[in-house]
Amino acid sequence: MVIRMKELVEVIAKALVDNPEEVVVTEKGEGKNITVELHVAADDMGKVIGKQGRIAKAIRSVVKAASTKDNKRVDVEII
């Protein structure tokens, strides 16, 4: 089973926010370097970032661990 990084970030973000219908995830880049952009409602920004960025750091860690299987470098940007 292959999970794309975009889908992984989307599932995690939708579980965290109050407005899951406003979660938009885009994937840019090709080859080994990929950037995943996460857009959430302004009210949900704090829930995705967390205190001192702990939740954002955890999201990035999970994505990084998943991406190492495919030998890719994935950056997650929260916009």
Side-chain angles (χ1 to χ4, degrees):
M1 182 171 125
V2 175
I3 285 193
R4 295 184 56 214
M5 297 306 124
K6 175 183 174 183
E7 294 161 354
L8 177 62
V9 172
E10 190 172 355
V11 168
I12 293 170
K14 284 185 176 183
L16 292 171
V17 299
D18 290 334
N19 302 310
E21 65 280 351
E22 292 191 38
V23 172
V24 178
V25 181
T26 57
E27 198 171 78
K28 295 180 180 178
E30 54 216 37
K32 294 192 180 265
N33 294 325
I34 298 171
T35 301
V36 177
E37 294 181 349
L38 171 61
H39 301 266
V40 296
D43 296 344
D44 291 328
M45 191 63 76
K47 290 179 178 73
V48 174
I49 295 174
K51 287 186 179 177
Q52 297 178 349
R54 286 188 182 137
I55 294 175
K57 210 177 287 186
I59 292 170
R60 289 182 178 117
S61 295
V62 168
V63 171
K64 182 177 179 182
S67 68
T68 55
K69 279 185 170 182
D70 300 331
N71 291 327
K72 295 187 179 187
R73 184 176 187 279
V74 180
D75 295 322
V76 178
E77 293 182 3
I78 300 170
I79 300 172

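Small disclaimer: the values here were computed from a predicted structure and weren't measured.
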Only pairs under 3.5 Å count here: list side-chain donor-acceptor contacts from residues 55-64, not counting sequence neighbours, and write none if there are none.
residue : atom : partner : partner atom : Å
Arg60   : NE   : Val76   : O            : 2.9
Arg60   : NH2  : Val76   : O            : 3.1
Ser61   : OG   : Lys57   : O            : 3.0

What residues, two or more places apart in sequence or in another chain, satisfy side chain to side chain donor-acceptor pair (under 3.5 Å) together with Glu22? none
Side chains of Asp70 and Met5 in contact at under 4.5 Å (non-hydrogen atoms): yes
Straight-line distance of Asp75 CG to Glu37 CD, nearest 0.5 Å: 10.5 Å
Please name all residues satisfying side chain to side chain donor-acceptor pair (under 3.5 Å) with Lys72, sequence neighbours left out, ordered by chain then number. none
Are Glu27 and Ile34 close enough, and set up right, to give a side-chain contact (heavy atoms from CB on, under 4.5 Å), and what steps lead you there? CA-CA 7 Å; Glu27 198 171 78; Ile34 298 171; 3.4 Å; yes
So with a 6.0 Å cut-off around CD of Gln52, is the heavy-atom count from everything else above 12? no
For Glu77, check salt bridge (Lys or Arg N to Asp or Glu O under 4.0 Å) against everything at least two apart and list the hits. none
Distance col, row Leu16:CG vs Lys47:NZ, nearest 0.5 angstrom, shows 10.0 Å
Taking only residues two or more places apart in sequence or in another chain, which ones pass salt bridge (Lys or Arg N to Asp or Glu O under 4.0 Å) with Lys14? Glu10
Would you give me the side-chain donor-acceptor pairs under 3.5 Å for residues 38-46, sequence neighbours excluded?
residue : atom : partner : partner atom : Å
Asp44   : OD1  : Asp18   : N            : 3.2
Asp44   : OD2  : Asn19   : N            : 3.1
Asp44   : OD2  : Asn19   : ND2          : 3.4

How about Val25 and Val36: do any of their side-chain heavy atoms sit closer than 4.5 Å? yes
